[in-house]
K.L.:
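Here it is, the structure in full.
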Amino acid sequence: MKVLVTGGAGYVGTSLIPQLLDAGHHVRVLDNLMAGGDQLLPFFSRPHFEFIKGDIRNPDDVKAAVRGQDAVAHLAAIVGYPACRKDPVLAEQVNVTGTRNLAQALSRQQLVIFGSTGSNYGAVEDICTEETPLNPLSLYGQTKTIAEAHLLEHCSAVAFRFATAFGLSPRLRLDLLVNDFTYKAVTQQYLVVYEAHFMRTFIHVRDMGRAFLLALDNADQMLRQVYNVGSDVMNYSKRDVCDLVQKQVDCYVHYAEIGEDADKRNYVVSYDKIGRLGYQTAVTLEEGISELVKGFQVLDFKTPYSNV
Ligand SMILES: NC(=O)c1ccc[n+]([C@@H]2O[C@H](COP(=O)([O-])OP(=O)(O)OC[C@H]3O[C@@H](n4cnc5c(N)ncnc54)[C@H](O)[C@@H]3O)[C@@H](O)[C@H]2O)c1
């Protein structure tokens with residue numbers, strides 16, 4: 001199939017692109033390269049890879065990018081609560097208006113698979129299923145919730161509410177909880193953790209890519225539906241994550257009694273629905289931490305955001 005990946009230069013996109021190419025798909029990326037584009041260089045030698053530098057906020061760029069495509073993996077966004085909080089106007093324009101531009105440009109024959117998020121749930125006491133009322137606590141979650149509803153109403157869409165990603169990708173993000181904790185453990189040998197009992201849910205970035213492949217292969221039965229994407233065995237408290245990091249890295253963890261995590265998410269998610277389609281994650285948290293430790297030992301990453 002011909003697959004457009006919006007935001008393909010990002011953390012998830014650069015992990016997804018080789019998975020799509022290896023599965024025989026043609027890949028076109030639309031990205032404005034707001035965080036640079038070096039990470040795309042390895043893909044230009046692949047004959048079925050094409051890049052368009054453009055902006056999801058510009059309807060003409062979006063129309064040109066979707067032309068001739070069978071499906072779209074919609075990833076372009078201002079991602080995470082710190083980035084959205086820093087520039088709320090941009091977050092709204094990219095996450096909401098950009099998604100509306102995409103919906104407007106697509107025909108009903110074109111499939112769109114939306115990279116939505118478990119942030120839409122907020123803090124929930126019961127186990128979250130796809131029917132749990134949405135209560136996003138951050139601007140990030142609010143914009144993603146609006147975008148998800150718009151695509152489901154106006155397009156041939158599948159929405160994936162992903163767990164929090166972890167693991168190495170060509171465009172690494174350190175504001176993600178597991179990546180951030182492991183980075184600090186390796187580079188500073190200590191961690192300060194607030195609200196250690198808060199429950200979070202995780203997925204390796206390559207397993208996110210495997211979900212997009214599943215939707216391309218099973219679009220007929222997945223259409224117009226929402227799926228939580230992750231694993232029932234990867235609902236962990238922040239303290240659990242620290243314990244797993246400490247098994248691999250010699251570091252001190254301070255569980256702070258005073259202070260709070262600005263990311264208020266505290267939830268456990270059920271992944272039964274996507275599991276019934278045969279989807280299972282392949283990479284454990286232990287394996288992801290191991291690859292991160294190796295990566296952090298040799299590379300010097302810079303990031304404006306962190307998780308603690
Ligand atoms: N990483 C996670 O844990 C996670 C979890 C759930 C959902 N998601 C979703 O997956 C998607 C990708 O996330 P990511 O982690 O790769 O983020 P990222 O920030 O690494 O990538 C986002 C990409 O979008 C591009 N972009 C931003 N504004 C744009 C614009 N105006 N026009 C065109 N491109 C633009 C950026 O240049 C970047 O390449 C997002 O939609 C995010 O909400 C991510």
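When reading the values below, keep in mind they use all heavy atoms of this one structure, side chains included, and skip hydrogens, waters and symmetry mates. Ligands are counted one by one from 1 in listed order, and the atoms in each one are counted from 1 as well. One is the number of the first residue; the rest follow in order along the sequence. Here the structure is a predicted model, which is why all the values come from computation and not from measurement.
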K.L.:
Could you label the plane-to-plane angle of the Y236 and F202 rings as parallel, tilted or perpendicular, counting under 30° as parallel and over 60° as perpendicular?
P.N.:
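Answer is tilted, since the angle falls between 30° and 60°.
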
K.L.:
Under a single-linkage definition using a 4.5 Å side-chain heavy-atom cutoff for Ile, Leu, Val, Met, Phe, Trp and Tyr, are F166 and F296 assigned to the same hydrophobic cluster?
P.N.:
yes

K.L.:
Does Q110 use its side chain to pair, donor to acceptor, with the backbone of Q69 at less than 3.5 Å?
P.N.:
yes

K.L.:
Heavy atoms under 4.0 Å from ligand 1: which residues qualify?
P.N.:
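Residues G7, A9, G10, Y11, V12, D31, N32, L33, M34, G54, D55, I56, R57, L75, A76, A77, V79, V94, G115, S116, T117, Y140, K144, F162, A163, T164, A165, R171, R173, L176, M208 each place a heavy atom under 4.0 Å from ligand 1, listed by chain and number.
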
K.L.:
Give a yes or no on this: more than 12 heavy atoms of other residues, nucleotides or ligands lie within 6.0 Å of atom CD of Q189.
P.N.:
yes

K.L.:
Go through the side-chain N and O atoms of H197 and S237 and say whether any donor and acceptor fall under 3.5 Å apart.
P.N.:
no

K.L.:
Under the 4.5 Å side-chain heavy-atom rule for ILVMFWY, direct or indirect, which residues accompany V96?
P.N.:
I146

